[in-house]
Amino acid sequence: MEHTRTQAAPGGARTLLLKNAAMLLTMDAARREIRDGGLYIEGNRIVAVGPTSELPATADEVIDASGLIVTPGLVNTHHHMYQSLTRAVPAAQDAELFGWLTSLYKVWAHLTPEMIEVSTLTAMAELLLSGCTTSSDHLYIYPNGSRLDDSIRAAQRIGMRFHASRGSMSVGQKDGGLPPDSVVEREDAILADTQRLIETYHDAGRYAMLRVVVAPCSPFSVSRDLMRESAVLARHYGVSMHTHLAENVNDIAYSREKFGMTPAQYAEDLGWVGRDVWHAHCVQLDDHGIGLFGRTGTGIAHCPCSNMRLASGIAPVKKMRLAGVPVGLGVDGSASNDGAQMIGEARQAMLLARVGFGPDAMTAREALEIATRGGARVLGRDDIGALEPGMAADFVAFDLRTPQFAGALHDPVAALVFCAPSQVALNVIDGRVVVKDGVLQTLELGPVIERHNGLAAQLANLAR
Ligand SMILES: [Zn+2]
């Protein structure tokens with residue numbers, strides 16, 4: 001990839017020209033796919049999209065994208081990045097959700113602020129290298145002085161667009177919840193800290209690099225009161241709300257037994273539906289729930305690898321989309337995936353839909369749409385997820401000259417999903433080159449991974 005840079009003209013915003021892309025997938029309203037395409041960027045926003053011949057001839061920074069397919073940056077709507085420290089833990093390798101959680105909670109009780117920061121850097125590096133530019137992270141366990149600030153610091157260091165979700169757990173085992181009492185927090189402290197985070201960090205503006213989300217962990221780990229109060233707090237500040245819902249059949253049974261309602265009824269009762277809400281999984285969402293979410297614009301984070309890993313089932317994504325439910329893609333936590341690669345996740349979404357509902361249940365282009373525009377909508381954003389004038393300058397490129405694409409160049413867009421390229425050549429976020437020639441530019445990754453593995457070993461030893 002040829003890349004030239006000159007000094008920006010004084011006074012004006014720095015400009016960037018991407019030219020000669022073999023294919024440019026816009027995901028705009030017309031879903032244009034442009035051969036020999038390019039982008040012209042001023043500062044952090046796109047000002048022109050089209051064939052290279054119709055764009056300005058030069059800019060402060062010029063990237064020659066010959067041989068590359070360029071797409072909007074992928075949007076990850078669900079993750080627990082700290083779990084990168086507890087991948088493939090033997091006791092949790094072969095369990096369903098509740099058993100898996102029960103064996104991991106006691107390990108996670110030893111997390112420290114440094115572990116949160118280093119694991120978030122590692123997880124974000126993996127996402128950036130696999131085509132993601134915006135990610136949410138759902139951190140719901142805060143032992144030993146850990147804070148959401150530790151994740152936020154990591155996002156700022158590595159340069160990822162970030163929706164930091166202030167998770168929480170307040171109902172421990174003695175009160176009939178699933179988590180051990182040692183890892184739950186007091187509800188007044190949760191709400192006060194959430195308010196502090198919103199006031200300190202939340203940016204409601206267009207092109208925001210950082211937003212804060214109110215995110216109690218799940219109906220089986222927080223009280224009705226906290227769900228209700230969290231919604232009131234979120235709506236007071238105009239921030240999004242996120243939780244886990246209807247993940248598997250045990251989750252449904254818990255909801256019926258404890259609350260006498262389905263998860264969708266419970267969500268509606270507590271104010272947890274609307275365009276400002278998205279729920280992870282919803283594998284077992286019933287027809288009433290699908291209709292309700294469609295009517296109210298309540299979003300879903302679809303996490304196919306995690307759903308397969310924990311044998312939770314197959315989310316009815318086609319049915320949801322036909323009912324008008326906004327659907328985004330999520331890799332879910334690294335302890336239940338355990339590979340957080342966005343383009344790989346899009347492929348699994350397509351394949352799993354077909355296993356469940358037939359060969360026309362999801363096309364490659366639909367999988368890409370869910371991973372870009374779909375995720376943007378779920379996160380409540382209209383400034384990312386497509387390449388068109390006025391959108392944020394977030395885009396990625398994959399090299400069509402690699403073995404993964406060989407033989408599929410007649411349809412490089414479909415090949416992106418069918419052929420499973422694992423790594424990007426280029427990742428640009430907010431107009432800044434974050435990955436170039438497949439190498440992360442914002443951070444020296446080697447020492448981070450080394451430290452991450454040292455910390456993971458400490459946790460593994462404590463777990464014995
Ligand atoms: Zn999750």
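Only heavy atoms go into these numbers, but all of them, side chains included; no hydrogens, no water, no symmetry mates. Please read all numbers here as calculations on a predicted model, not as lab measurements. Indexing begins at 1, ligand by ligand and atom by atom, following the structure's order.
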State, with a plain yes or no, whether a side-chain heavy atom of [X] is found less than 4.5 Å away from one of [Y].
| X | Y | answer |
| --- | --- | --- |
| H78 | H281 | yes |
| L440 | I158 | yes |
| W278 | I300 | no |

Open item on the list: Taking the six-membered ring for Trp, are H138 and H242 closer than 6.0 Å centroid to centroid?
Closed with: yes

Task: Geometry at the Zn ion (ligand 1) - D332 OD1 versus H244 NE2 angle, rounded to 10 degrees - done: 170°

2.8 Å cut-off met by an N, O or S atom of [X] to the Zn ion (ligand 1):
| X | result |
| --- | --- |
| H79 | no |
| E247 | no |
| H78 | yes |
| H138 | no |

Task: Parallel, tilted or perpendicular: ring planes of F259 versus Y266, cut at 30 and 60 degrees - done: parallel

